[in-house]
Novice: 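My structure is below; once you've seen it, I'll send some questions.
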Amino acid sequence: MASLIPCPHCGMRPKEEFTIRGAVPDSRPAWGAPIDDPQWFSAVYLRTNPRGRLREHWYHGAGCGRWLIVERDNLSHAVHDVADARARALAGDRT
Amino acid sequence: MRYSVASLIANAFSGNRNWTPAWREPEPKSRYDVVIVGGGGHGLATAYYLAREHGIRNVAIVEKGWLGSGNIGRNTTLIRSNYLLPGNEPFYEWSLKLWEGLEQEFNFNAMVSQRGVLNLYHSDAQRDAFTRRGNAMRMHGVDAELLDREGVRRMLPFFDYDNARFPIMGALLQRRGGTVRHDAVAWGYGRGADEMGVDIIQHCEVTGIRVENGRATGVETSRGFIGCDRLALAAAGNSSVVAAMAGLRLPIESHVLQAFVSEGLKPFIDTVVTFGAGHFYISQSDKGGLVFGGDLDGYNSYAQRGNLATVEHVFEAGLAMIPGLSRVKALRSWGGVMDMSMDGSPIIDKTPIPNLYLNCGWCYGGFKATPASGWCFAHLIARDEPHPVAREMRLDRFARGYLIDENGRGAQANLH
Ligand SMILES: Cc1cc2nc3c(=O)[nH]c(=O)nc-3n(C[C@H](O)[C@H](O)[C@H](O)COP(=O)(O)OP(=O)(O)OC[C@H]3O[C@@H](n4cnc5c(N)ncnc54)[C@H](O)[C@@H]3O)c2cc1C
Ligand SMILES: [Zn+2]
């Protein structure tokens with residue numbers, strides 16, 4: 001894991017300041033989807049779990065307090081991209 | 001060659017020049033009855049029991065590294081059967097029984113040492129939970145004892161009993177638990193399987209799974225295509241990557257777990273102890289090194305190395321339990337990639353592809369399971385039906401709501 005993460009709000013910060021929630025889900029049930037929609041099972045229990053590039057939700061608890069989307073390589077530890085999750089969502093990226 | 005005192009003496013007198021390799025290094029054939037992906041403990045044990053228990057000997061194990069390069073050679077060697085639930089406990093107890101007879105059976109010294117496993121408790125609530133666990137074990141015919149504080153002190157006098165925050169109140173003890181030399185398990189099963197005709201193909205990475213008319217017909221590898229009637233996956237931390245080659249998405253995340261060894265010390269701890277107030281456990285190897293570990297690093301990883309923050313966390317937990325550790329120097333640390341399942345329990349099951357079988361989700365506890373996992377997986381592959389002690393370890397239990405929730409954490413265990 002990389003030691004320093006470039007937060008779009010705070011600049012370079014040690015990774016211990018962040019909490020990693022896990023992979024950004026590949027898909028989510030539609031708003032109001034019924035409880036037996038198979039999408040729920042897949043969103044809650046199944047993982048693509050790629051080896052290599054991965055997009056995750058990170059929370060910058062000891063910094064700006066914002067949710068971020070971090071794209072990193074879980075084999076080489078390179079960090080490719082860090083973006084504000086809400087800004088991404090407002091720009092139309094709903095995943 | 002059968003190993004014995006006589007073979008040892010004969011070879012010593014001939015200058016140890018006549019030992020033969022413990023297994024062959026065959027070229028892959030074009031087709032096998034069963035191909036197993038992954039030459040870790042579980043893959044090797046599966047091949048061994050397929051040959052020995054079911055007479056299926058036209059089997060290949062395809063391993064991308066060398067035999068024992070995965071978690072089978074990276075774990076902290078603890079074995080025990082102190083599980084709680086009907087879906088788990090009979091399986092782990094069967095594994096412990098197999099451990100007890102293993103060395104005689106496969107004619108290899110795996111240094112099985114039943115030195116006991118203690119789980120410390122630090123509060124009334126924790127004692128009650130351990131009492132319940134111990135009772136559940138005894139109802140399954142498994143040994144369990146509840147020790148009070150003085151009982152633990154007699155075994156381990158140098159712990160921090162009066163820690164203001166986490167006083168040690170007692171422990172759940174399973175005397176039949178202990179440690180096993182992990183590499184020797186891989187070598188013993190590998191040698192035994194090879195003797196019965198199984199091909200162990202090392203340095204051969206599976207890069208694709210060929211599925212034709214809804215059946216798996218073989219694997220593409222770095223050494224060419226290998227055909228098979230039945231395909232079995234036992235790739236541990238890489239399970240998702242291999243299963244994706246057949247179009248499957250698994251309830252698995254890959255995480256890194258670290259372990260540590262100290263410099264060699266005189267005999268210090270003659271049992272296995274887990275801390276109940278933080279994630280830390282420790283034993284001492286026959287060479288004298290303290291072998292210890294703790295929690296996952298806590299993020300998805302396929303890198304077999306972890307972070308310093310976790311190293312610090314593990315050491316702090318260790319010091320809280322045994323203050324004397326502060327003067328011990330750590331010698332080495334390493335990491336292994338764990339296939340963390342969504343309820344913390346394993347999967348030994350068929351898949352939607354009828355001749356494709358799956359063994360995964362061992363999390364950080366799969367070493368102790370090696371013999372039973374191989375036994376039950378071989379049973380499933382040979383008979384196409386689950387072994388009774390593994391029948392709850394199904395792939396579809398998440399969709400059906402039948403989780404094996406060992407730690408009572410509810411629908412999303414978040415153990416990872
Ligand atoms: C630090 C650490 C401590 C642990 N401590 C304990 C413990 O004390 N007690 C306990 O019970 N468990 C413990 N475990 C867990 C245990 O080691 C694992 O659950 C278990 O070893 C996994 O099964 P395996 O032996 O078959 O895995 P592995 O040995 O990892 O076997 C899987 C094999 O598949 C191969 N493979 C992967 N992809 C491919 C491919 N595409 N083609 C060909 N081959 C492939 C890999 O190279 C690997 O050799 C620990 C694990 C770690 C990392
Ligand atoms: Zn920030």
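When reading the values below, keep in mind they use all heavy atoms of this one structure, side chains included, and skip hydrogens, waters and symmetry mates. Everything numeric here is computed off the predicted structure, so don't read it as measured data.
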Novice: Relative to chain B, which segment of A/Pro50 carries a heavy atom at a distance below 4.5 Å: side chain, backbone, both, or neither?
Specialist: backbone
Novice: Tell me, side chain or backbone of B/Leu250 under 4.5 Å from chain A's heavy atoms, or both, or neither?
Specialist: backbone
Novice: More than 12 heavy atoms of other residues, nucleotides or ligands under 6.0 Å from CZ of A/Arg86: is that the case?
Specialist: no
Novice: Starting at CZ of A/Arg47, measure out to OG of B/Ser240 and round the result to the nearest 0.5 Å.
Specialist: 10.0 Å
Novice: Take atom CH2 of B/Trp334 as the centre, draw a 6.0 Å sphere, and report whether it contains more than 12 heavy atoms from other residues, nucleotides or ligands.
Specialist: yes
Novice: Between chain B and each of A/Thr19, A/Leu75, A/Asp73, A/Leu54, count heavy-atom pairs under 4.5 Å; write down the option with the most.
Specialist: A/Leu75
Novice: Select one option (side chain, backbone, both, neither) describing which atoms of A/Arg72 are under 4.5 Å from chain B's heavy atoms.
Specialist: side chain
Novice: Looking at B/Asn300, B/Asp297, B/Val256, which one has more heavy-atom pairs under 4.5 Å with chain A than the rest?
Specialist: B/Asn300
Novice: Please find the pair of heavy atoms, one from B/Arg305 and one from A/Ser76, that lie closest to each other, and give the distance.
Specialist: NH2-O, 4.2 Å
Novice: More than 12 non-hydrogen atoms from neighbouring residues, nucleotides or ligands closer than 6.0 Å to CZ on B/Arg400, yes or no?
Specialist: yes
Novice: Side chain, backbone, both or neither: which part of B/Ala244 has a heavy atom under 4.5 Å from chain A?
Specialist: neither
Novice: Answer yes or no: does atom OH of B/Tyr402 have more than 12 heavy-atom neighbours from other residues, nucleotides or ligands under 6.0 Å?
Specialist: no
Novice: Is the count of non-hydrogen atoms from other residues, nucleotides or ligands lying under 6.0 Å from B/Leu308 atom CG greater than 12?
Specialist: no
Novice: Quick check: do A/Arg51 and B/Asn238 have side-chain heavy atoms less than 4.5 Å from each other?
Specialist: yes
Novice: For A/Asn49 and B/Tyr302, test the side chains for any donor-to-acceptor distance below 3.5 angstrom and give the result as yes or no.
Specialist: yes
Novice: Would you mind reporting whether A/Thr48 and B/Arg249 have side-chain heavy atoms less than 4.5 Å apart?
Specialist: yes
Novice: Calculate, to the nearest 0.5 Å, the distance between atoms OH and CZ belonging to B/Tyr299 and A/Phe18 respectively.
Specialist: 14.5 Å
Novice: Does CZ belonging to A/Arg13 count more than 12 external heavy atoms closer than 6.0 Å?
Specialist: yes
Novice: What part of B/Asn307 gets closer than 4.5 Å to chain A, counting heavy atoms only: side chain, backbone, both or neither?
Specialist: side chain
Novice: State which residues pass ring pair (Phe, Tyr, Trp, His ring centres under 6.0 Å) with B/Phe398; sequence neighbours excluded, sorted by chain then number.
Specialist: A/Tyr45
